[in-house]
Every structure is written in structure tokens, then in C-alpha cells.
Amino acid sequence: MAAAAAAGKAAAAVYGHGESGGGRGGGFLGPRVPAEVEAMARGVQDVGQETFRRLLKVTVNALEGKDCKESVKLIAESTNLSEEQLAFLISGMYTLLREALRLPLSTFKQEVFKEDLKELRIPEDFIVDFCSIVFGNSSLARALQPSILMMMKLSDGTAHRFEVPIAKFQELRYNVALILKEMNDLEKRSILKIQD
């Protein structure tokens, strides 16, 4: 009986249900809540509904790959939030939404999402707005296709990490193969000329 209860708790933790270790982690964000999400959850307490919605719109645009510098500048000018506060809020919202939108809706339930946000002490009105984006915006879910994390190591020893959407990776792969083929063809031609 105890083994069955332990197995149930383990399965619940894996699928983001049930207990989550004292209100921190175990939900859709994984075993540890990212620092930027925690900072956002603390900072969002002092933000009004209108400002929150503007920040949320900027975050959604960023997730869709749009340039948001001007929008952020306008928010900074029209609110009493510092650049640092804006950075914490937007990066936390970005991480929270990115992680939530990557999960399949067939297994990720709105009630679980709401409960996880409540544990982060996010105000109820804001939870409703987050839910409307995650569970009611299919165009955003389509825009958030899986991506590939790449790392380039340069000759000077520095390493650069970046994410590439799968479509762009396929395009890169095709172009690299095309260049290698052309180089190979050139090499064959030059060998033929030398032998003549």
C-alpha cells in the first residue's frame, strides 16, 4: 500500500500534478522553478492590470519572434518601472509561457497550470490572462515549434550557444550539404585539369 502511494506521488511529480515540494517546483516548470520566473512572480505583485497586459503582449510578440524594443521602451516611459524591473518581468513571463506552450495540451491541464501559478503567488487576474494565452491561442502554439540548441566553438576557444527553429536548421543543413557538394565537384574538376 505504501509502495503504491509512493509510486502515485512519483507519477504525479513527473506529470506535474499533486504535491510540488513546499510550493516550489514539481509543476510544469520542472523540479526547480527558474530564477527569472520567481523574480517575475515577486515583481508582478506591484504591477497594475493594464501594465501587466502590455507586458504580456510584448512577451507574446517576443515568443512569436517579433522585435519588441520599441514596445518595451514605450512601457518604460509610461510606467514607473525601472529597466531592471522590466527585464525581470519580461524574462520571467517569457520563460513561463515558453515552457507552458511546449507541453502538449492533451496532457497539460488548465487546472494544473492555474494551481502552479497560484503556488508562485501570481494574482488571480494575471493567472486568467496567462491561461487565455496558453490554452486559448493556437496561433502562438504553432509559432512555438520545437527548436534545436546549438553550440559553436570558435578557433579562439570561445563557445556560443543559440537556439535554431527546426525549419531553419533544415535549411542550414541543406545549404551546408550543397556547399560541400559544390566543393567536391570543384575538387574533381581541378584534378581532371591537372591530369590533362
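Please read all numbers here as calculations on a predicted model, not as lab measurements.
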Are [Y] and [X] connected into the same hydrophobic cluster when the rule is that any two of I, L, V, M, F, W, Y join if their side-chain heavy atoms are below 4.5 Å apart?
{"X": "Leu154", "Y": "Leu172", "answer": "yes"}
{"X": "Phe169", "Y": "Leu180", "answer": "yes"}
{"X": "Phe88", "Y": "Val72", "answer": "no"}
{"X": "Met152", "Y": "Ile148", "answer": "yes"}
{"X": "Val176", "Y": "Phe162", "answer": "yes"}

Just how far is it from atom [atom1] of [X] to atom [atom2] of [Y], taken to the nearest 0.5 Å?
{"X": "Leu120", "Y": "Phe126", "atom1": "CG", "atom2": "CZ", "value": "14.0 Å"}
{"X": "Thr95", "Y": "Arg98", "atom1": "OG1", "atom2": "CZ", "value": "5.0 Å"}
{"X": "Leu86", "Y": "Thr51", "atom1": "CG", "atom2": "OG1", "value": "9.0 Å"}
{"X": "Arg173", "Y": "Gln170", "atom1": "CZ", "atom2": "CD", "value": "4.5 Å"}
{"X": "Met150", "Y": "Arg161", "atom1": "CE", "atom2": "CZ", "value": "13.0 Å"}
{"X": "Glu36", "Y": "Leu89", "atom1": "CD", "atom2": "CG", "value": "12.5 Å"}

For [X] and [Y], which heavy atoms make the closest approach, and how far apart are they?
{"X": "Cys68", "Y": "Ala62", "value": "SG-N, 3.5 Å"}
{"X": "Val37", "Y": "Gly92", "value": "CG2-O, 3.7 Å"}
{"X": "Met93", "Y": "Leu56", "value": "SD-N, 4.1 Å"}
{"X": "Ile127", "Y": "Ile122", "value": "CD1-O, 3.3 Å"}
{"X": "Cys131", "Y": "Phe113", "value": "SG-CD2, 3.6 Å"}

* To do: List the steps, then state whether side chain to side chain contact (heavy atoms under 4.5 Å, CB included) holds for Phe108 with Leu101.
  => CA-CA 9 Å; Phe108 185 47; Leu101 288 164; over 6 Å; no
Under a 4.0 Å threshold between the charged nitrogen and the carboxylate oxygen, would [Y] count as salt-bridged to [X]?
{"X": "Arg53", "Y": "Glu50", "result": "no"}
{"X": "Lys66", "Y": "Glu64", "result": "yes"}
{"X": "Asp185", "Y": "Arg189", "result": "no"}

* **With sequence neighbours excluded, residues passing side-chain hydrogen bond (donor to acceptor under 3.5 Å, both in side chains) with Gln49** => Asp129
* Pair Ile75-Leu55, side chain to side chain contact (heavy atoms under 4.5 Å, CB included): steps then yes or no -> CA-CA 8 Å; Ile75 293 171; Leu55 289 169; 4.1 Å; yes
* **CD/Gln45: more than 12 non-hydrogen atoms of other groups inside 6.0 Å** => yes
* Take Leu96 and Leu117, measure what side chain to side chain contact (heavy atoms under 4.5 Å, CB included) needs, and give me the verdict at the end. => CA-CA 10 Å; Leu96 187 142; Leu117 295 182; 3.4 Å; yes
* Structure fact -> Here the salt bridge (charged side-chain N to carboxylate O under 4.0 Å, His left out) pairs for residues 75-94, sequence neighbours left out, are none
* Asked: Does any donor atom in the side chain of Arg54 or Thr79 lie under 3.5 Å from an acceptor atom in the other side chain?
  -> no
* Verdict with reasoning, Val112 to Phe28, per side chain to side chain contact (heavy atoms under 4.5 Å, CB included) -> CA-CA 8 Å; Val112 174; Phe28 75 97; 6.0 Å; no
